[in-house]
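Report on the structure given below.
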Amino acid sequence: MTTKPKARIYNWRRKRQGPADAEARADAISRIRKATQPPEAANDAQTSELEKIKAEGLTGRQLRIARKLAQKNGVEADSDYDAVRLLRKKGIDPFERSSLLDLAAEKKRVEDETKDKVTIQLPQPILQSPETLPGPEMSPAERRNYEIGQIQKDIARRRRRKLFALFARLAVFVLLPTLVVGTYFYRFATPMYASDSAFSILQADGGGASFGGFLAGTQYATAQDSVATQEFLESKDALLRLERDMGFSEIFKQDWIDPIQRLSPDASLEETHKLYMRMITIGYDPSDGIIRMEVAAPTPDIAVAISDRLLSYAEDTINGLSELKREDQMRDAVASFELAQEARNKAQEALIEAQLQGALLDPENVLAGLRGRINTLEAQLQDKELQLASLLDNLRPNQAKVDGVRAEIARFEEVLEELNAEMLDVSAGENSLVRLTLRIQTAQADLAARDMMLQAAMQQMETTRTEANRKVRYLTVSVNPVPSQDPTYPRKFENTILAFLLFAGIYLLISLTASVLREQVSS
């Protein structure tokens, strides 16, 4: 360690006297030392010097600089540490800034000599910096602390620069867009007034013993109708009806509305529907079966008018769905009733035709009358025969009474023969009373059966009508739209915070993606 001030003095003297004198003096000193020291002592001294140099904790960069300086000065060294030792023996400090400057100046001088072979040597003033002046050199610990301090300052400087760049990027990509969005919401956005309403779809059903009766009267019984009504109110069909009744697009084409919420004069149906979906919010809650609707408009009265129109459209839709379901349920019952009624009419016409064929409305009664008369005459004839037999039982009967009874029996027999002949006459042939009676009885049985079928069809139709009437849906408004006094939209603070979070999330996503890509490319 005592040779370092001497090395600085030698270096200073070498610069004062010239490079040639300094090198000659250093060679002479090294030869004298080698000649005066024994070989074993020289090796021990060299080993101890190398151990001291290694203990200094030199970096790889310092060792490379020492090797380059050794090659420049023509010093043959076995290793980098040996190069440091030999350079110090020659009076050259490889880690001094002046040596590095000499190395750079020598390189530049060689380049200048190659460019210009003829140079004019003129006396030049010698400028010495304070760093090249001889002075006390720092110890390895002090140098290490100095270098650590420089590294820490460099790290702090880099951190400040990175933080400044980070804040600049955040200001450009997050804060500035958030400021623009907040300025729009607070200064330029047109206030919108909202009217809230709520309605539900109920079913007029008294319940039943079937499984469907357990769901009747609950929100699950009308869930499909509620969803269908919500879909209709959000569709272009409702928009077209609203456009036809109120001129929805003309309301938002006025000049005093801000350009973002204003419709262009030649706006298409799709653009109008997008604005319609932004201004109208409809939500169905399946837990309680209530549909909530919020309508926003530039004025409170327009918002209430649009809400009333939409409620009327919803009521018409529910009535149409109920009527359609009722017609679907009644269609089969009515068709069955009409078929039964038509068959009954045909059976009645067949009965009338059968009765008109024999010119008798009731041939069965005619036959019954004939049978009754024959039976009566036969009974009277039997009585007269018994009376004649009782008269003939006398030993001396009254001839006048006997003749009278016999005459009456003859008349009864003649009448019976005529009645039997008439009975035979009406029973023979295709148009006989018997056949006509059978036809009439068949027609009457068919008519009775058709009457029973017609009665069953009528009962089924009435049952179906009652069931359909119990399942009719109807719309009930629980909350009517009321004009608001204060604007509901835009929600300035909430929208500004949302914009800040959105821009911050986008910036974070892009930064993470760029960092991952940079790491992948660098690796």
Side-chain angles (χ1 to χ4, degrees), residues 199-238 240-241 284 286 289 291 311-358 361-362 364 435-477:
F199 59 93
S200 58
I201 299 173
L202 302 180
Q203 176 180 346
D205 194 350
S210 62
F211 178 75
F214 293 105
L215 298 179
T218 64
Q219 65 272 18
Y220 301 105
T222 59
Q224 295 181 353
D225 297 330
S226 301
V227 173
T229 304
Q230 180 183 359
E231 293 294 333
F232 167 73
L233 292 178
E234 293 177 350
S235 65
K236 294 181 181 179
D237 188 9
L240 291 176
R241 295 179 63 177
Y284 170 64
I291 300 176
L311 289 175
S312 64
Y313 298 161
E315 187 174 2
D316 295 340
T317 303
I318 292 301
N319 294 335
L321 291 175
S322 299
E323 187 66 25
L324 182 60
K325 290 183 178 180
R326 188 173 182 274
E327 290 179 357
D328 291 339
Q329 291 181 354
M330 291 293 297
R331 186 180 297 113
D332 295 336
V334 172
S336 299
F337 175 75
E338 291 178 353
L339 290 175
Q341 191 175 13
E342 184 179 358
R344 194 261 181 192
N345 293 333
K346 290 182 180 180
Q348 189 174 9
E349 290 177 359
L351 176 60
I352 294 173
E353 289 179 359
Q355 289 176 349
L356 293 176
Q357 283 181 0
L361 296 176
D362 195 358
E364 187 177 357
R435 291 183 180 275
L436 186 59
T437 301
L438 292 176
R439 291 178 184 175
I440 292 174
Q441 289 178 355
T442 304
Q444 289 177 350
D446 190 12
L447 180 61
R450 294 301 177 182
D451 287 337
M452 293 178 62
M453 293 177 64
L454 180 61
Q455 185 177 2
M458 185 180 298
Q459 184 177 1
Q460 182 181 2
M461 185 178 66
E462 292 298 329
T463 304
T464 306
R465 182 182 289 111
T466 305
E467 187 71 17
N469 291 332
R470 284 205 304 263
K471 291 185 178 180
V472 171
R473 271 71 168 168
Y474 59 93
L475 186 143
T476 58
V477 180

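It should be emphasised that the depicted structure is a prediction, and the values quoted were computed from it without experimental measurement. All residue numbers in this chain count up from 1 along the given sequence.
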Leu475 versus Ala314, closest heavy-atom pair with distance: CD1-CB, 3.8 Å

Whether over 12 other heavy atoms sit under 6.0 Å from Gln455 CD: no

Rounded distance [0.5 Å steps], CD1 in Ile291 versus CG in Asp225: 9.5 Å

Rounded distance [0.5 Å steps], CG in Asp446 versus CG in Asp451: 9.5 Å

Tyr313 side chain to Arg241 backbone, donor-acceptor under 3.5 Å: yes

Thr476 side, atom OG1; Phe199 side, atom CZ - distance, nearest 0.5 Å: 9.5 Å

Minimum-distance pair of heavy atoms, taken over all atoms of Ala340 and Ala457: CB-CB, 4.0 Å

Nearest-0.5 Å distance, CG of residue Leu447 to OG1 of residue Thr442: 12.5 Å

Nearest-0.5 Å distance, CZ of residue Arg450 to CD of residue Glu342: 10.0 Å

Nearest-0.5 Å distance, CE of residue Met461 to CG of residue Leu454: 9.0 Å

